[in-house]
Amino acid sequence: MHAQKQAGLVYVGASVLRGRITPEQMSVAADLAQRYGSSEIRTTNMQNLLLVNIHEQDSATVSRYLGSSGLHVAASPFARGTVACTGSEFCKLSLTETKGFARWVVEELDDRIPGFDQQLKLHITGCPNSCGQHWIADIGIEGKKIKVDGELVDAYYFCVGGAVGKHQAFARPVGYRCVAAEVPDAIERVLKSYQAEREQGENLRQFFARHSNDEIRALLAGGVSEEFERDLAAGPVPHGVEG
Ligand code: SF4
């Protein structure tokens, strides 16, 4: 919840886990916007909702109703910051299933790193086209297939250190990849390393910026790891994201 410029009004953000919302949740949000706000709802590029022009004295009520419908206002940084592209369920270009996977990753990270105190943008994208915008994420993972015991399985390639705004940067391909089932392990390792090794007041973006690709790869892998080339997109990629 954040104060607006207009005295006495706030806007309320609701977390829509990996961008999937039910008709019932939409009805709840619409009713609340109509009853307590100006009947306006905004969608964000983080796949979340904003209810605007809410009177300050009603904000706790709005938050409570949103939360009881599963649209949490005080969600964990993992739920708030996870974005997933459409994935193989509805996109014929996708190499991986992304939506159910994103939910599972968030649940795992909530369990493994409770109380994580940093904003985290974790973007999951099912192919190099980057509809999940993994190039501007703290941790952006790109879907691919790898062979395990002769079978092709979902896997992800890691890019780290992207941001927009004050510290804008494209995420760096760090040469680490793993099967989808091991993604929470890798993220847990790198985030716990950050918690253990951060300098006074150092945020996650600064931590990633002062470590080399080799160092980040070792933190993700939990030890020395072979460097893997990122598979390039089959067609032209958007300007500025080559690499
Ligand atoms: S990034 Fe790829 S898989 Fe995901 S929605 Fe876009 S084209 Fe489909």
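These numbers come from a predicted model, not from an experiment. One-based numbering, in listed order, for ligands and for the atoms of each.
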Quick note on ligand 1: atoms under 4.0 Å from a heavy atom of Leu93 include exactly 7 (S)

Atom 6 (Fe) of ligand 1: closest protein heavy atom, distance to 0.1 Å, is Cys131 SG, 2.3 Å

* Can any side-chain N or O of Gln206 pair as donor or acceptor with the backbone N or O of Asn203 at less than 3.5 Å? -> yes

Quick look: Pro128 vs ligand 1, heavy-atom contacts under 4.0 Å, and the answer is neither

Side chain to side chain donor-acceptor pair (under 3.5 Å) with Tyr156: of Thr96, Thr125, Thr98, only one passes, and it is Thr96

Ligand 1 to Thr125, heavy atom cutoff 4.0 Å, flagged ligand atoms 1 (S)

Discussion item. I'd like to know if the side chain of Glu227 and the backbone of Asp214 have a donor-acceptor N/O pair within less than 3.5 Å.
Written reply: no

Quick note on ligand 1: atoms under 4.0 Å from a heavy atom of Gly126 include exactly 3 (S), 4 (Fe)

The side chain to side chain donor-acceptor pair (under 3.5 Å) partner of Asp138 among Lys121, Arg205, Gln118 is Arg205

In this structure, atom 8 (Fe) of ligand 1 is nearest to the protein heavy atom Cys91 SG, 2.2 Å

- Item | Contact check, side chains of Arg172 and Cys159, non-hydrogen atoms, under 4.5 Å | no

Do any N/O/S atoms of Cys127 come under 2.8 Å of atom 2 (Fe) of ligand 1? yes

of all protein heavy atoms, closest to atom 4 (Fe) of ligand 1 is Cys85 SG, 2.3 Å

In short, Leu109 meets Phe78 closest at the heavy-atom pair O-CE1, 3.5 Å

_Aromatic contact between Tyr157 and Tyr176, with the criterion being ring centroids under 6.0 Å apart: yes or no?_
no

The atoms of ligand 1 lying under 4.0 Å from a heavy atom of Ser130, numbered in the order shown, are 1 (S)

Counting heavy atoms under 4.0 Å, the part of Ser94 that contacts ligand 1 is both

